[in-house]
Amino acid sequence: MTAAEPTTAEIAAARRRLPLAAVLAAYVVSVTCTAVSAIAIPWFVLTTTGSAAQTGLVVTAEMAPYVLMQATAGPAVERFGPRRSSWTANLAAGVALLVVPVLYVNGHLGFGALLVVIACAGAFRGVADCGSAPLVPAVARLAGVPLERAAGLHASASQGGQLVGAPIAAVLLTVISPPTVLIVSGGAFFVAAMLVALCVPRTVGAPAAGDDVADPYLRRLGAGLAFLARDRVLLGVVVMVAVGNLLNAGLASVYLPSWVREHELPVAAVGTVAGGFSLGALAGSLVGAWVAPRVNRWALYSFGFLLGGAPWFLALAVSDEVVPVLAVVVLCGLAMGGINPVLGAVQYERIPTEMLPRVLGAVKSLAWLGLPLGPLVAGVLVDGVGLVPTLWAVGVAYAVLALTPFVVPSFRLLSSAGREGRSVPR
């Protein structure tokens, strides 16, 4: 019995969904490659130089340009178009990674050259991500997919790539050398680039036109920040997420290892608990992508924040066993992952299309502002007052932060954005 041939309507629907699938697949590949490189490059430096200081410097050399380009590349992405910026920057990141093993094999890879090449790779990745996010609303409309669902899938692509990147890197480094791993990772960036270049129509994410693109670069960058400052809904969300990130930043790097050591647990418990949160967050994003178009956005965001943050700290404060903490952490991941579709959809709806790259870049950079400071603050607190008092203090602070949407009226506007083309209040 032969399968029925697809109808014309089914073929047309598949073609409309292809650009969205390509953008998501490219993002999964690029995030996974970044996660692989984040392990392979430090391991390569450590095994060839034996210096932990140089290893840390290389990591900083990659991440600093990445964050900087996220914040500042918006106007350039608008001028060249998100589609072109996304695929060309991924292609350039792949080339940069391939330069490392080529120079190494030929005996020309000094430490200074490595820093420069890795910094270029990080900068290109920042531009690629700055171009990827603005493509989401356009390909979602083309596919007839609700913005909440598309935003949730995009967030899930990021979390999925980060989740599988470390195990993939571990497997690859077990069977092949670090320079060869970088060749594999660089080649995968080419795949990500081609997915967008070949499967996303040129009319999607085309370069911006009009007088605005002729404005000086810094003026356009400032206009993006000014827009964010004027929009009380977006600004409130960004400030809340930034404070949450500051409180969270020390979890995996300080609080969790300190908890494991204090209770004399196996070191594998660090990865187990952290992995439980990542799995929960991925599942939460996928579930949220499905249910967000059907539920009240304010409720999903508010209760997700309330249940997804403070309980993790409080569980570490009151328990010395992995299993109960792991159960709480997985549920925290589910709750916190579920807010991603709301965050993405609200940004896409409230920000004018022509300003998406610069405003989204400002949003991401401000939301990440506390990440470098968080582990330092966490370490000072743990050394100064002890682990358990610190966990209680941070957990209570996170609970107070999570009450913000319940008392600040502007957060109620999270549910007022037009799901059916209504105007969006600003």
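Residues take their numbers from the sequence shown, with the count starting at 1.
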Colleague: How long is the span from the CD1 atom in Ile176 to the CD1 atom in Ile183, to the nearest 0.5 Å?
Modeller: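 Going from the CD1 atom of Ile176 to the CD1 atom of Ile183 covers 8.5 Å.
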Colleague: Can you name the side chain to side chain contact (heavy atoms under 4.5 Å, CB included) partners of Ala283, sequence neighbours left out?
Modeller: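 Residues passing side chain to side chain contact (heavy atoms under 4.5 Å, CB included) with Ala283: Leu334.
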Colleague: For Val233 versus Ser410, what's the shortest heavy-atom pair and its separation?
Modeller: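 It is CG2-O, 3.6 Å.
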Colleague: Quick one: does Val325's side chain get under 4.5 Å of Val273's, heavy atoms only?
Modeller: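 In short, these two side chains touch, coming nearer than 4.5 Å.
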Colleague: Which pair of heavy atoms, one from Thr72 and one from Pro75, lies closest together, and at what distance?
Modeller: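 Thr72 and Pro75 have their closest heavy atoms at O-CD, 3.6 Å.
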Colleague: Can you tell if the side chain of Arg83 reaches within under 4.5 Å of the side chain of Val196, non-hydrogen atoms only?
Modeller: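 The answer is yes, as the side chains (C-beta and beyond) meet within the 4.5 Å cut-off.
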Colleague: Among residues at least two apart in sequence or on other chains, which ones pass ring-ring contact (aromatic ring centres under 6.0 Å, His included) with Phe411?
Modeller: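 Listed in chain order: nothing, the list is empty.
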Colleague: So, for Ala40 and Pro178, which heavy atoms are closest and what is the spacing to 0.1 Å?
Modeller: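 Closest approach of Ala40 to Pro178: O-CB, 4.2 Å.
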Colleague: Rounded at 0.5 Å granularity, tell me how far CG in Leu256 sits from CZ in Phe313.
Modeller: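 Reported value, rounded in 0.5 Å steps: 11.0 Å.
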Colleague: Check side chain to side chain contact (heavy atoms under 4.5 Å, CB included) between Pro42 and all other residues, then give those that pass, not counting sequence neighbours.
Modeller: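 So Pro42 forms a side chain to side chain contact (heavy atoms under 4.5 Å, CB included) with Thr55, Val59.
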Colleague: Are side-chain heavy atoms of Glu148 and Trp290 found at a separation under 4.5 Å?
Modeller: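 Of all side-chain heavy-atom pairs linking Trp290 with Glu148, none is under 4.5 Å.
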Colleague: Check ring-ring contact (aromatic ring centres under 6.0 Å, His included) between Trp259 and all other residues, then give those that pass, not counting sequence neighbours.
Modeller: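 Here the qualifying residues are His263.
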Colleague: How many angstroms lie between OH in Tyr348 and CG in Leu360, if you round to the nearest 0.5 Å?
Modeller: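 Spacing of OH (Tyr348) from CG (Leu360) equals 6.0 Å.
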Colleague: Please tell me if the side chains of Leu114 and Val100 come closer than 4.5 Å, counting only heavy atoms from C-beta onward.
Modeller: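 Leu114 vs Val100: side chains touch.
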Colleague: Strictly distance-based, threshold 3.5 Å: is any side-chain N or O of Thr48 a donor or acceptor partner for the main-chain N or O of Val45?
Modeller: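 Such a contact is found between Thr48 side chain and Val45 backbone.
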Colleague: Please tell me if the side chains of Leu413 and Arg232 come closer than 4.5 Å, counting only heavy atoms from C-beta onward.
Modeller: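 Side-chain contact under 4.5 Å: yes.
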Colleague: Would you say Phe44 and Tyr104 make side-chain contact, with heavy atoms under 4.5 Å?
Modeller: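 In contact.
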Colleague: Atom CZ in Arg149, atom CZ in Arg294: separation rounded to 0.5 Å?
Modeller: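 Result: 5.0 Å between the selected atoms.
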Colleague: Keeping to residues at least two apart or across chains, list the side-chain hydrogen bond (donor to acceptor under 3.5 Å, both in side chains) pairs with something in residues 313-340.
Modeller: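 As it turns out, the side-chain hydrogen bond (donor to acceptor under 3.5 Å, both in side chains) pairs with a partner in residues 313-340, which skip direct neighbours, are Ser285-Asn340.
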Colleague: What donor-acceptor contacts under 3.5 angstrom involve side-chain atoms of residues 19-32, with partners at least two apart or in another chain?
Modeller:
| residue | atom | partner | partner atom | Å |
| --- | --- | --- | --- | --- |
| Ser30 | OG | Ala26 | O | 3.2 |
| Ser30 | OG | Tyr27 | O | 3.1 |
| Thr32 | OG1 | Val28 | O | 2.7 |

Colleague: When you compare the side chain of Leu300 with that of Ile339, does any pair of heavy atoms fall below 4.5 Å?
Modeller: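 No, their side chains stay 4.5 Å or more apart.
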Colleague: Are any of the side-chain heavy atoms of Val346 and Val237 separated by less than 4.5 Å?
Modeller: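 No; the side chains remain at least 4.5 Å from each other.
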Colleague: Please round to the nearest 0.5 Å and tell me the distance separating atom CG of Asn296 and atom OG of Ser302.
Modeller: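 Rounded to the nearest 0.5 Å, the CG-OG separation comes out at 8.0 Å.
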Colleague: Distance-only check: which donor-acceptor pairs under 3.5 Å involve side-chain atoms of residues 121-140, not counting sequence neighbours?
Modeller:
| residue | atom | partner | partner atom | Å |
| --- | --- | --- | --- | --- |
| Arg125 | NE | Thr34 | OG1 | 2.3 |
| Arg125 | NH1 | Asp129 | OD1 | 2.8 |
| Arg125 | NH1 | Asp129 | OD2 | 3.4 |
| Arg125 | NH2 | Thr34 | OG1 | 2.9 |
| Arg125 | NH2 | Asp129 | OD2 | 3.4 |
| Asp129 | OD2 | Tyr66 | OH | 2.5 |
| Ser132 | OG | His154 | NE2 | 3.2 |

Colleague: According to side chain to side chain contact (heavy atoms under 4.5 Å, CB included), who are the partners of Phe190, at least two apart in sequence or on a separate chain?
Modeller: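 Here the qualifying residues are Leu91, Val95, Leu98.
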Colleague: Which pairs with one or both residues in residues 164-191 pass side-chain hydrogen bond (donor to acceptor under 3.5 Å, both in side chains), sequence neighbours excluded?
Modeller: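 Qualifying pairs, neighbours excluded: Ser37-Ser185, Ser177-Thr180.
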Colleague: Compile the donor-acceptor pairs under 3.5 Å between side chains in residues 378-405 and protein atoms, sequence neighbours left out, one pair per line.
Modeller:
| residue | atom | partner | partner atom | Å |
| --- | --- | --- | --- | --- |
| Thr390 | OG1 | Leu381 | O | 3.3 |
| Thr390 | OG1 | Gly386 | O | 2.7 |
| Tyr398 | OH | Asn248 | ND2 | 3.2 |
| Thr404 | OG1 | Leu401 | O | 2.7 |

Colleague: Return the set of residues passing ring-ring contact (aromatic ring centres under 6.0 Å, His included) with Phe406 (not counting sequence neighbours), or none when no residue passes.
Modeller: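 Listed in chain order: Trp298, Phe303.
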Colleague: Would you compute the distance between atom CD of Glu349 and atom CG of Leu414 and round it to the nearest 0.5 angstrom?
Modeller: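 CG of Leu414 is found 10.5 Å from CD of Glu349.
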Colleague: Tell me if a side-chain donor or acceptor on Gln347 pairs with a main-chain N or O of Leu343 at a distance below 3.5 Å.
Modeller: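 Such a contact is found between Gln347 side chain and Leu343 backbone.
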Colleague: With sequence neighbours left out, write down each residue that passes side chain to side chain contact (heavy atoms under 4.5 Å, CB included) with Val330, or none if nothing qualifies.
Modeller: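 Only Leu326 meet the side chain to side chain contact (heavy atoms under 4.5 Å, CB included) criterion with Val330.
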